[in-house]
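So that the names make sense, note that chain A is the first sequence line, chain B the second, and so on, each numbered from 1. Here the structure is a predicted model, which is why all the values come from computation and not from measurement. Any value given below was found using the heavy atoms of this structure, including those in side chains, with hydrogens, waters and symmetry copies removed.
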Amino acid sequence: MIPMFANLNVLRTAIRCPQTFSMIRLISTNSLTKGQLPFSYSLNGPKFVKYTRDHEWIAAHEDGVAFIGITKYASDSLGDATYIELPEPNSEIEKGESMGSVESVKSASEIYQPVNGEILEVNTALENKPQLINEDPLGLGWIAKMRVADLKDIEQGEDLLSLEQYEESLKHDDEE
Amino acid sequence: MFRPLLISSNNVMKQGALRYLRRLHENAIPNSKRKENDGEFQDLNEMYSDMFTPNQGTQHQNDGPSVKSEIDELNAELSSMNNFNFEKLSCEKLQQITLKDGKFILRSLSINPYYNLALEDYIFRNTPIDIKDEEKFQSQRLLFYINDKCAVIGKNQTIWKELYLGNLIKKGFEVLRRLSGGGAVVHDLGNVNYSFLTSRDKFKTSFFNELLVKSMSQIDRCSSVTLNKRGDITYMGKKCSGSAFKIARGKAYHHGTMLVSANLSSFHGLLKPDHVNGIEWKCNSVDSVRSEITNIPLSSPQEFIDLCIEGFQREFSSEDQEEIPIYYCDEESATNSQIKETMKTLEDDHWKYFSGPKFTLTLESNQHYVSVEKGLVVQSNNPLLIGKSFKEVAETEPFKTKL
């Protein structure tokens with residue numbers, strides 16, 4: 001069954017408060033935005049796109065460059081972002097270390113490095129437009145570009161989920 | 001409703017201990033006012049109220065016979081008593097209860113803001129959660145602490161933009177940057193900090209303040225305590241509580257302040273207004289939302305804490321389960337290496353002045369400007385300033401008088 005939304009505002013509320021509209025999964029997407037850099041960095045798109053249970057995504061390309069951001073689910077549940085704390089370029093960050101945070105209406109939400117690697121660049125557009133995290137978290141709102149230590153960490157990383165697994169884990173969250 | 005915390009938390013209190021406490025109370029605070037006796041625990045209640053209530057009138061004129069030393073004295077005597085269950089957690093016990101699944105309430109008796117924030121962070125980080133199965137999370141925790149005079153800014157704020165540092169130092173306020181988001185607040189001993197910890201999954205920013213308002217609404221005096229649009233607790237349209245949140249690793253906490261008997265007039269001139277004449281800030285740090293503040297009409301910080309505990313117990317203890325345990329600790333009894341390390345981080349200038357958002361500050365129609373990143377001047381019309389720490393630059397003219 002596809003839910004009917006009387007008007008855009010209801011839809012907006014539904015997107016921002018997914019817990020009240022569990023059907024929202026049908027229209028929300030946690031897949032990478034096709035036209036944007038995290039996807040289009042290499043011609044055929046990233047080799048792997050994986051997700052963490054902390055709601056980060058990582059899109060790794062053939063040459064070992066990867067983009068990191070937070071998922072649509074995360075940005076919806078956080079609400080309007082007011083400040084994005086970005087990592088330091090050229091810093092080596094170990095898997096599981098905090099690499100930044102998203103602040104939205106008084107909440108600081110930590111972002112963790114999904115795999116070992118070095119930060120090459122950060123998305124400075126977020127400094128002046130933190131709302132990109134809400135508008136396009138899997139595209140324009142990418143947080144960092146990094147060089148991963150080993151692509152295998154992403155391919156075989158036990159705690160990294162595929163899109164299907166990630167979506168499945170969200171459904172699980174909603175059942176309660 | 002004015003039940004003594006200790007009695008409500010466990011029923012093993014001995015009459016002898018009670019008499020002892022009464023005597024202690026009479027000796028320690030000779031001038032304390034006596035209310036008409038409305039029950040055998042009245043004195044005990046008053047003692048706890050007095051312990052954490054600044055002595056209005058004398059407290060803020062000078063730092064004279066301070067409440068702090070009375071608290072220390074009382075704590076020292078209390079901890080020397082073994083005949084009733086008012087035990088402060090040791091490091092080992094703190095670790096044990098933190099790492100084990102289960103709910104608890106913890107009251108820090110320390111008034112050192114660095115210790116209290118570090119203790120909160122320790123419990124937050126170490127509370128167990130199965131990130132693959134967050135629904136199973138049953139380890140909600142509730143902390144209370146009261147800080148000595150201090151101003152606290154949010155993690156993503158600019159300290160010079162929010163605070164009159166000179167006034168704060170002059171008036172003996174400590175200055176801190178906390179680990180959670182949100183805006184700047186001022187504390188004193190008449191303010192209670194509460195901190196509710198749960199799983200990210202179950203976390204809702206409005207939840208705990210709603211519970212607090214519900215708990216307080218049982219009291220007539222608090223019937224006009226409500227939530228405003230931003231989810232803050234207000235009384236007669238003025239804010240009496242500020243909130244901030246932190247989310248990490250499948251868990252979240254909501255911590256907030258509650259002004260009960262704070263010396264509000266002493267807070268004037270500590271937080272900066274939105275705009276100060278002659279200064280222009282260009283930065284994307286998080287703004288504080290300026291609000292008029294007031295104390296909540298409760299008789300003491302302890303009364304607020306008791307109400308919170310009742311609300312928490314009602315919400316989270318199930319019929320067949322034992323009551324949620326209440327623990328006490330302080331800096332002396334329970335500072336482990338993790339807490340010590342966090343305290344060091346919080347105290348360090350690196351965290352206070354050399355972290356946080358970048359900004360550009362312009363004085364008096366572009367005559368002087370500095371761009372600052374990670375606390376260092378990276379650009380300025382005065383080349384001599386480049387590379388210097390802004391903390392130093394802010395201490396010199398022409399910035400000093402303007403900041």
Inset, instruction - Decide if atom CD of B:Glu315 counts as having more than 12 heavy atoms of other residues, nucleotides or ligands within a radius under 6.0 Å. - result: yes
Legend entry - Within 6.0 angstrom of B:Arg290 CZ, more than 12 heavy atoms from elsewhere: yes
Inset, instruction - Would you please go through residues 144-162 of chain A and name the residues with a non-hydrogen atom below 4.5 Å from one of chain B, in numerical order? - result: none
Legend entry - Contact residues of residues 101-140 of chain A (partner chain B; heavy-atom separation under 4.5 angstrom): A:Ser101, A:Glu103, A:Val105, A:Lys106, A:Ser107, A:Ala108, A:Ser109, A:Glu110, A:Tyr112, A:Glu127, A:Asn128
Legend entry - Straight-line distance of B:Asn156 CG to A:Thr82 OG1, nearest 0.5 Å: 7.5 Å
Inset, instruction - Give, for atom CG of B:Asp133 and atom CZ of A:Arg53, the distance between the pair rounded to the nearest 0.5 Å. - result: 9.0 Å
Legend entry - Residue pairs fulfilling ring pair (Phe, Tyr, Trp, His ring centres under 6.0 Å) with at least one residue in residues 142-165 of chain A, sequence neighbours excluded: A:Phe67-A:Trp142
I'd like to know which of [options] tops the heavy-atom pair count under 4.5 Å against chain A.
| options | result |
| --- | --- |
| B:Lys155, B:Arg249, B:Arg230, B:Lys246 | B:Arg249 |
| B:Asp287, B:Thr205, B:Val286, B:Ile247 | B:Ile247 |
| B:Ser243, B:Gly231, B:Gly242, B:Gly183 | B:Ser243 |

Legend entry - Residues of residues 344-358 of chain B near chain A, each having a heavy atom less than 4.5 Å away: B:Gly356, B:Pro357, B:Lys358
